[in-house]
Amino acid sequence: GAVVSQHPSRVICKSGTSVKIECRSLDFQATTMFWYRQFPKQSLMLMATSNEGSKATYEQGVEKDKFLINHASLTLSTLTVTSAHPEDSSFYICSARELAGLTDTQYFGPGTRLTVL
Amino acid sequence: SQQGEEDPQALSIQEGENATMNCSYKTSINNLQWYRQNSGRGLVHLILIRSNEREKHSGRLRVTLDTSKKSSSLLITASRAADTASYFCATDTGFQKLVFGTGTRLLVSP
């Protein structure tokens, strides 16, 4: 089946630093990837939709200058949390939609746990 | 918020019992999907039901969809301790985006 990986799985950083999270589709091409944030014991909230070769579309309330998204190839999207603060600590999950897929399934990565001290 | 509601928020049962989770949503949909998430992990896709379907089965899972009531249910039969996880419904409104429900935390005790 389709596999999506994320790197790193866990990151701890100091307040004010920037953190980059990678999302890769390993065995399929994805024109569209999605980035979600999940706080403890809560549901997933969509942050942005990332389309290969174009600018990401951000959901209302998500700061595009703080959460930089780059989707440079059909298998890689990156999320950079700039000038991270403790309130950015969360579980970040990406998903990918297959280019030639006949189904409406999104394949999810294993998530990245970000802790900002 | 467009987020769906799930109930119960938490469900505790014994192995062998059935578990039923309900999901309500707010807008018209193309399909509704159910996902499972083990603690601190990513999501696993369980089943997708399209808006023109009323019921779907997959192994021990049974999903129903009532578009007139904007609701869905997930039934897990003969539950096992390994079914312990959080379960989320997610609606696809046709713009590629998924809107997740609030989730149900299921605990299955041996």
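All figures in this text were calculated on a predicted structure; none of them were measured in a lab. The chains referred to below are lettered A, B, ... by the order of the sequence lines, with proteins before strands, and numbering in each begins at 1.
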### Task
With a 4.5 angstrom heavy-atom cut-off, could you sort out which part of A/Leu44 is near chain B: side chain, backbone, both or neither?
both

### Message
Membership question, hydrophobic clusters at under 4.5 Å side-chain separation (ILVMFWY): are A/Met47 and A/Val4 in the same one?
### Response
no

#### Entry: Neighbour count >12 (heavy atoms, 6.0 Å) for atom CZ, A/Arg10
no

### Task
Check the hydrophobic clustering (I, L, V, M, F, W, Y; side-chain heavy atoms under 4.5 Å; chains of links allowed) and say if A/Val19 and A/Tyr36 are grouped together.
no

### Message
Tell me whether B/Gln9 at atom CD has more than 12 heavy atoms from other residues, nucleotides or ligands lying less than 6.0 Å away.
### Response
no

### Query
Within a radius of less than 6.0 Å around CZ of B/Arg80, do more than 12 heavy atoms belonging to other residues, nucleotides or ligands occur?
no

### Query
Hey, does B/Val99 have a side-chain heavy atom less than 4.5 Å from the side chain of A/Leu46?
no

### Query
Taking all non-hydrogen atoms of both residues, which atom of A/Phe91 and which atom of B/Gln37 are closest, and how far apart?
CE2-NE2, 3.8 Å

### Summary
Answer key: most heavy-atom pairs under 4.5 Å with chain B among A/Pro40, A/Gly111, A/Pro110 is A/Pro110

### ILVMFWY network linking A/Met45 to A/Phe67, side-chain heavy atoms under 4.5 angstrom
no

### Query
Can you name the closest pair of heavy atoms from A/Phe108 and B/Leu43 and give their distance?
CB-O, 3.8 Å

## Note on the structure
The interface call for A/Gln60 against chain B, heavy-atom contacts under 4.5 Å, is neither

### Message
Taking 4.5 Å as the heavy-atom cut-off, does anything in residues 77-84 of chain A contact chain B, and if so which residues?
### Response
none

### Query
Under 4.5 Å between side-chain heavy atoms, hopping through other hydrophobics if needed: is there a path connecting A/Leu114 to A/Leu68?
no

#### Entry: Criterion side-chain contact (heavy atoms from CB on, under 4.5 Å) on A/Gln38 and B/Phe88, from CA distance to verdict
CA-CA 12 Å; A/Gln38 184 180 32; B/Phe88 295 93; 3.7 Å; yes

### Query
B/Gly103, B/Ser86, B/Ala90, B/Gly40: which one forms the most heavy-atom pairs within less than 4.5 Å of chain A?
B/Gly40

### Message
Strictly by side-chain hydrogen bond (donor to acceptor under 3.5 Å, both in side chains), give each pair with a member in residues 85-95 of chain A just once, sequence neighbours left out.
### Response
A/Lys66-A/Asp88, A/Ser95-A/Gln106

### Query
Cluster question for you: counting only ILVMFWY and a side-chain heavy-atom cut-off of under 4.5 Å, with indirect links fine, are A/Ile69 and A/Leu74 together?
no

